[in-house]
Amino acid sequence: MVDELGVAVVGFGWMGRVHTQAYARLPHHYPRLPLRPRLIAVAEEVPGRAEEAAERFGFASATRDWREVAADPRVRAVSITAPNFLHREIGVAMAEAGKHIWIEKPVGLTAEDARAVADAVAEAGVQGAVGFNYRNAPAVEAARELIASGEIGTVTHARIRLFSDYAAHPDGALTWRYERARGGSGVLGDLASHGADLARFLLGDIASLTADTAIFLPERARPSGATAGHALASGGEPGPVENEDYVNCLLRFASGARGVLEACRVAVGEQNNYGFEVHGTKGAVFWDFRRMNELAVSRGTTYQDQPVSTVYVGPGAGEFAAFQPGAANAMGYDDLKVIEAYRFVRSVAEGVPYGATLADAVRSAAALDAMTLAAREGRWVDVGTG
């Protein structure tokens, strides 16, 4: 007997749709999951968008006010995919209402915001999952196991990159993403939050860091109406971009390893160029999101001139077997969110956290706060555990 889990989605842009589709796909990929999501409610303040989502995806109800979702007894779990500046208010309110929450990164604008949501989840005794989707790639999980096994020796240094062109167009609309009060730290929260999580996931805690940031497109046009995604707004009244387009960060890990984390949202010619390179005393491992199901691995005993081999991950890696029967059958981005949904719903079913948690969000946010402080003051900053 499979029980139903009433779920809601708050904020219905692209990410809200991805969460919704992930819930719908769970029975196909994880038929033995003891809870089956049922789409109860969708909340979106843009007029007509919630109603359209309800009609298209089958939500039982639609509203412009997320507070109605918090008060709805049919809803036991909530996806929070609203803009960053709303994460804290909505996350705390949903936890206090007894709802399990799956919330997108960066969980607010600061580590204080993330900590407030984490504390609310802990106090309410509900489960909390966070949208650090790249760690769910089976190849990334395989890389983590390879590093932990010592196959590449002791890790010496790593490089993590997150380059994108989603904000590269000079006519990109001046949405909330570019405001300090609503978008927080810009590319730090958008992309570097993933980088900080990947760094910790692969190599352990970051002890300290220093950083440099920049705004390369200082003005954008204000949109004339509601926007979704990264819309253009040529000819509108110009306004200032208040948060970062770029960050470059030097890392010192608690293990003694060193690292570089670089992220940019205005990198012309780069489309989702995300990945990492991890070097050890006996080898190295490389991953590129655009070739998500592959690892490049160097291991052996020759050290100098040691070759690099391509490894295609298969059913033995992470959750690969829930999607494909054999190695080199491709998985895609949306599959990572299905894995995330599975781990969230499994956490609810068993009362034990699986996957990225609010504690992970707090630690990522602590690294982002440290980057901001380091860039402002031009010094190394201790990160700690958040």
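Along the sequence shown, the residues carry numbers beginning at 1.
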Name of the residue among Leu217, Asn243, Leu162, Val247 meeting side chain to side chain contact (heavy atoms under 4.5 Å, CB included) with Arg265: Asn243
Derivation and outcome, side-chain contact (heavy atoms from CB on, under 4.5 Å), residues Arg64 and Arg49: CA-CA 9 Å; Arg64 291 181 62 185; Arg49 192 177 287 174; over 6 Å; no
Residue pairs fulfilling ring pair (Phe, Tyr, Trp, His ring centres under 6.0 Å) with at least one residue in residues 286-311, sequence neighbours excluded: Tyr134-Phe289, Tyr274-Phe289, Phe276-Trp287, His279-Phe286
Donor-acceptor side-chain pairing of Asn248 and Glu262 below 3.5 angstrom: no
Side-chain H-bond candidate by donor/acceptor type, Glu104 with His19, under 3.5 Å: yes
Main-chain N/O of His194 paired to Lys105 side chain as donor or acceptor, under 3.5 Å: no
Counterpart residues, salt bridge (Lys or Arg N to Asp or Glu O under 4.0 Å), relative to Glu52 (two or more places apart): none
Aromatic contact, Tyr354 with Trp102 (centres under 6.0 Å): no
Arg379: partners by salt bridge (Lys or Arg N to Asp or Glu O under 4.0 Å), with sequence neighbours left out: Glu377
Result of checking Leu202, Ile339, Asp360 against Arg135 for side chain to side chain contact (heavy atoms under 4.5 Å, CB included): Asp360
Check against side-chain contact (heavy atoms from CB on, under 4.5 Å), Arg74 and Ser61: CA-CA 11 Å; Arg74 300 172 300 169; Ser61 59; 3.3 Å; yes
Short side-chain to backbone donor-acceptor contact, Glu242 and Arg180, under 3.5 Å: yes
Residues which pass salt bridge (Lys or Arg N to Asp or Glu O under 4.0 Å) with Arg290, listed by chain and number, not counting sequence neighbours: Asp288
Throw together a table of side-chain donor-acceptor distances under 3.5 angstrom for residues 310-332, partners on residues two or more places apart or in other chains.
unit_1: Glu319; atom_1: OE1; unit_2: Tyr30; atom_2: OH; d: 3.0
unit_1: Gln324; atom_1: NE2; unit_2: Ala330; atom_2: O; d: 3.1
unit_1: Asn329; atom_1: ND2; unit_2: Gly326; atom_2: O; d: 2.8

Pairs involving residues 48-85, ordered by first then second residue, that meet ring pair (Phe, Tyr, Trp, His ring centres under 6.0 Å) (sequence neighbours left out): Phe12-Phe57
Minimal non-hydrogen separation, Ala158 against Leu203, with atom names: CB-CD1, 3.6 Å
